[in-house]
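See below for the structure under consideration.
Just so you know, these numbers come straight off a predicted model, no measurement behind them.
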Amino acid sequence: MQDWISMPLVGFPLVASIVLLAFVSNADDAMRKRLSNPIRMATLIFSLVMLVITTGLFFQYFGSLSWEGISFNSYNYINRYNWIESLGIHWTVGLDALSFPMVWLTTFLLPVTIIATWNEKNGALYFPIVLAMGGALIGVFVALDLFMFYVFWELTLIPMFFLILKWGGKDRKYASQKFFIYTFTASVIMLLGLITLYFFQDPVNPLQYSGSVTGRTFDIGEITQHALNENGKGWYLGANIQKILFVMLMLGFLVKLPAVPFHTWLPDAHVQAPTGGSMLLAGVMLKMGAYGMFRLPISLFPHALQYFQLVLMAIGMVSLVWGAVVCLGQTNLKKMVAYSSVSHMGVILIGIATMQPMGWAAALFMMFAHGIISPMLFAVCGAFKHHYHSMEIGAMRGMAKHSPWLATSMMFAWMASLGLPLLAGFVAELMMLIALWYFLAAEGWSVFWMVGPALVLAITAGYYLWSMQRTIFEGGDETQPPESLHGEPVPDITNPEKLAMIILAVFTIVFGVMPWIALDMMHDWTAEIFKGLILPILGGFNGGA
Amino acid sequence: MSETTTVEAFGDGFISALCPELMLFAGLLLLIIVPNLGRGTFRIRGTQIRVPWLLGGSRFKITSDPRLPAWIASITLGSAFLNVVYIFSQGLERVVIVSESGKELLLVNGFSRVFEMIFFGALALAAFSSMNRLQVKGIGAHVSEHELYNNRRQADFYILMVTCALGMSVVALAQDLFVLFIGLELASFSTYVLVAFLKESKVGVESGMKYFIVGSVASGVGLYGLSMLYLWAGSLQFSVLSVAFAESGTTALPLIGIGFVLVGFGFKVSAAPFHFAAPDAYAGAISPVAGVLATASKAMGMLGLVRMLLIVAAPESSDGSAVWLACLGAMAAITMTWGNLAALGSDNPKRMLAYSSVAHAGYMLAALTAVGAWNWDAAVSGDAGAAAVAVMTALLFHLVVLVAFKLGAFLVLSILESEGGASRLSSLGGLAKREPLLAVAMFIFMISLAGVPPMAGFLSKLLVIMGIVRIAVGDMGAEIADGGVFVLADMHWVWWLAFLMVINSAISVFYYLRVVVVMFFDEPEEGREGPLPSGWQVRLAILACVLTTVFVGIAGDALIRICEMAAQSLNYGW
């Protein structure tokens, strides 16, 4: 089949950005300034082409492959090339209903990010790095080979590290290093887990695509299929080993997600990162954690998932509650939004821990919806910082009067994030609550456990409304511009920023009113994975639809 | 496996087998003779006829060019390197060179060829890039280009480079501990002088002295161990020793002897606790020499350890592991952790790289430990030979690619050094503004050292971890397929070395990233805002290192196969 993924979506952005960077890095400052606009246009066009391709894939334009009813561990547009043959490493790409929404989201956010940060300083270097970020992120989602997955998983750190280090806030030096070390530490432990998993294959009866030297394969599809067969008979690899590997893999993904108590890198990275970095970080990079959980530990070790179900549930609950409560105390706008991300990632984790098809579909849709809403949150924060030179919530009053565009965008984004019905976030949260209800019913637990998450939704509404009230509305006729402007007239957001806000808002509404566009394939996929993976273990359905 | 050919010294096939070494030897002679050629004449007694005999007198313009020795050395080492690469492309043979009485002296096979490749590659890069970087007035002084070039000591420097390569390749070929020791000492003495070559600066002399004293103590201890082995077995031939060890190796005398020999090699690989001289030596030597110490010299020590442990002391203890397993495992764990923790606290980039090289020695020792555990439980460990070959492959691969990014990092420092010192981290400040491509190169070396994909350093670390895990897990996969149940304790404890490696990689990211942050974030030091010293040779060498690092990281299959071939040709005891 024609390969619409490897070169157009992964290879091209990486190579193009490296070429652009090599070209620009030798130019002097004047030249860079002159090159800034052409490079910006070029990266925008590249990313739009990528968006066209993924949208075409969705509408089955390139080979009519349906996205609905993809059974577990089968992939559309699968392509495989030899890479390091002696070790059983292949360049394998493919898409299913788990990865496709994430790939589309990445290609959607790339042009939006470029538009939203249209006037970023030192653009000749900035925009190629954003493009490279996109290529690396897509690489993570399309990889169907453990080695390739890990390579792209780590590769995403490099552009993000430089985005924070070169374009970040005051403490960017600290934040960028903390970000890199924290996530690297978790992922090397994950790597050891992956290698141990690799060597638990049987070289006497090797799987397909095994290496000529080792007799084992890194192919995710093959390993998953093998694990599926073995899990049907009992614990794949035995109870003890499965639990250990599950923990090692989960550790890497929980840090990326991030879940409390591994979340401390996130507020630092977000507050210091430039707007574009934050948008991609919150929009796509955090989802790598949830994506990885579904792709590896959950698919491979369902027994261990069941064993650790309550632990995950507890971590999810704590993330949800902790993130929300900490938000209440923030005076920095961006920090508040960052902690709200922690809280929303808790929703994903709870959805996973319910072990209900509805909960998993909720988690998948939350990944997608949060991927559209959170970039808007950070775009608003970025505009705030860019125009008012301050992030303090208390710095100003009565924004609605002098900056109506920013105030409207902020209000919209805040409402979307707190889960207003008819906006994308609401669908996911509602589904999660229903799935949690099923879970409680199945376990025979008291319904009062529902109070926690429900209350958190109220707290979320609380901190968002409170911050809006203080910045947008309070003050009446006597608006109070931020002191950091030193009496200059208060500007509203620029035209590119307005465009980015409108695009994000439109899609938030589209996926809020018509969630089935994305939700159908997710729901089908979770139903399939349940039929194939979880039901044989549970020995019957223990919940709702 | 190809047939073994036996060749007497200077017999048929001698020249083709030892072609790279003979090239070095020829280059060495040229280095001694050519810079002395001049208009000297010789008067025939009793006549007025003067016969020009070229030696002495005022030198010709070309022979007095101070760059000439550098060119000769670079071309010699480079062509020796290319020769080895050519031999690899032509297919390997196995040639034993014997003495008149039939004793095996040297063995040429894939294993020794890979090491020759490492030694010649590293030294060729170092020689080429130090062509116009050699300091005459010591670190910190600004010297004119004229002073740099017009320096008679250039010839000495490059002669030492070539003798160093010669000694190292003898170590790679030796089949007799005494021959090995001669090669080791030839290489060591060359490096002692190279380290102390900055005789005008205090730090150069001090570090040279330190390195010399500690090194000779280590060599002395090693020699003492050799004498004990000789006393015990009556021979220093590897073949004799390994047979004797299989029979009565666990008695005290040979164990102590081998322990002493290991001290000698442990110093060379800078394994803890014999690493104390390394940071001082690296910091005092000029950067290309420090790079050689960290790559070629380390490979030589590792080679000695492999020969000693896997060929001589291969026999198994009662649980199927080598007798030295626990000892070496502890040494690996201490070395990697110590190196990384010490690197965290050092502000001098060269010392930092030295400690990082200690840490890398720890990773390699961990791999070696895993080889020693090859047959720990016959029921689950599976094909012992195949697993051990996998680890050896990883070890060789690591040593080869280390040349690219470790030496590369030292070469970047050498550019800064020739504008007045690279002894503080802040001297790297603002490198991204001053010369962006150089900063990018250093960035690539740093993340490669840290083991971040897609660089060669990641692939090598991955291979080492994979090798260790493979040994630890063995063929449990087959057992599991039969419904066997395993717990973590069923894996061999070397798995925890892999775990420790992983944790150590995470620690090491901290100090590698610090370098990156300084280059890309901080402002240049005062007086360093201008452009960097010129010199296309060193930049070309750095470019070669960058390309190797990236290319091998992305497409390392060919190199893995070469290393595997070499690992298979190492004659294991089983």
Side-chain angles (χ1 to χ4, degrees), chain A residues 21-22 24-27 82-87 89 125 147 150-155 157-158 161-162 165-166 172-174 176-177 180-182 184-192 195-196 198-205 212-216 230 233-241 244, chain B residues 382-383 386 389-390 393 432 436-437 439-440 443 447 450-454 458-459 462-463 465-466 469-470 472-481 483-491 495 498-499 501-503 505-507 509-510 513-514 516-517 520-522 554-557 560-561 564:
Chain A
L21 285 173
V24 173
S25 60
N26 254 0
N82 269 345
W83 190 355
I84 301 180
E85 205 271 324
S86 48
L87 304 178
I89 295 170
L125 291 172
F147 179 84
Y150 186 79
V151 165
F152 280 104
W153 178 272
E154 295 290 9
L155 199 60
L157 296 183
I158 296 171
F161 173 75
F162 278 108
L165 183 66
K166 296 297 281 185
R172 56 191 189 271
K173 205 169 154 179
Y174 168 76
S176 59
Q177 290 184 71
F180 198 107
I181 294 167
Y182 220 109
F184 185 81
T185 307
S187 48
V188 285
I189 292 175
M190 180 181 90
L191 175 68
L192 184 60
I195 293 174
T196 310
Y198 173 83
F199 279 107
F200 272 120
Q201 295 170 33
D202 180 10
V204 182
N205 306 305
S212 58
V213 174
T214 53
R216 283 119 167 143
E230 294 293 315
K233 295 183 228 159
W235 290 66
Y236 168 53
L237 302 180
N240 208 314
I241 301 280
I244 289 162
Chain B
D383 186 355
V389 166
T393 308
L437 290 183
V440 169
F443 168 69
I447 62 171
V452 177
F458 165 68
L459 200 55
L462 179 83
L463 281 173
I465 294 178
M466 274 175 72
V469 171
R470 175 164 184 179
V473 171
D475 279 354
M476 282 187 206
E479 301 285 309
I480 286 165
V485 175
F486 288 90
V487 295
L488 194 59
D490 281 330
M491 290 195 263
W495 188 85
F499 187 76
M501 254 184 90
V502 157
I503 299 295
S505 305
I507 297 174
V509 173
F510 184 78
L513 269 191
R514 198 165 52 188
V516 177
V517 169
F520 284 88
F521 185 87
D522 289 0
I554 292 172
D557 205 22
I560 292 176
R561 278 169 201 280
E564 198 215 347

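- The shortest non-hydrogen separation linking A:Val151 to B:Pro454 is CG1-CB, 4.1 Å.
- In this pair, A:Tyr150 and B:Phe458 present their aromatic rings parallel. The plane angle is below 30°, not in the 30 to 60° band.
- Residues B:Arg561 and A:Ser86 come closest through the heavy atom pair NH2-N, 3.6 Å.
- Side-chain contact between B:Leu459 and A:Ile84 is present, with heavy atoms from C-beta onward closer than 4.5 Å.
- Only the backbone of B:Ala450 comes within contact range of chain A, with at least one heavy atom under 4.5 Å from a heavy atom of that chain.
- Here the closest non-hydrogen pair linking A:Tyr198 and B:Met466 is CE2-CE, 3.4 Å.
- Here the straight-line distance linking atom CZ of A:Phe161 with atom CD1 of B:Ile447 works out to 10.0 Å at 0.5 Å rounding.
- Interatomic distance, B:Arg470 CZ to A:Thr196 OG1, rounded to the nearest 0.5 Å: 14.0 Å.
- The CD1 atom of B:Ile503 sits 4.0 Å away from the CD1 atom of A:Ile189 when rounded to the nearest 0.5 Å.
- Looking at A:Leu192 and B:Met501, their side chains never come closer than 4.5 Å, going by heavy atoms from C-beta outward.
- Using a 4.5 Å cut-off between heavy atoms, A:Leu191 contacts chain B through its side chain alone, with no backbone atom that close.
- For the residue pair B:Pro453 and A:Leu155, the shortest heavy atom distance occurs at O-CD1, 4.1 Å.
- Using a 4.5 Å cut-off between heavy atoms, A:Ser212 contacts chain B through its side chain alone, with no backbone atom that close.
- Put simply, the side chain of B:Phe443 reaches to within 4.5 Å of the side chain of A:Phe162, judged on heavy atoms.
- If you measure heavy-atom distances from B:Ala390 to chain A, you find no contacts under 4.5 Å at all.
- Checked by atom type and distance alone, the side chain of A:Lys173 never pairs as donor or acceptor with a backbone atom of B:Val517 at under 3.5 Å.
- The shortest side-chain heavy-atom distance between B:Val452 and A:Ile158 falls under the 4.5 Å cut-off.
- Per-residue heavy-atom pair counts under 4.5 Å with chain B were compared for A:Leu165, A:Thr185, A:Asn82, and the maximum is reached by A:Leu165.
- Taking CG from A:Leu87 and CG from B:Asp557, the interatomic distance works out to 7.0 Å, rounded to the nearest 0.5 Å.
- To the nearest 0.5 Å, the span separating CD1 on A:Ile195 from CG on B:Leu462 amounts to 4.5 Å.
- Here the side chains of B:Leu437 and A:Ser25 are in contact, with some heavy-atom distance below 4.5 Å.
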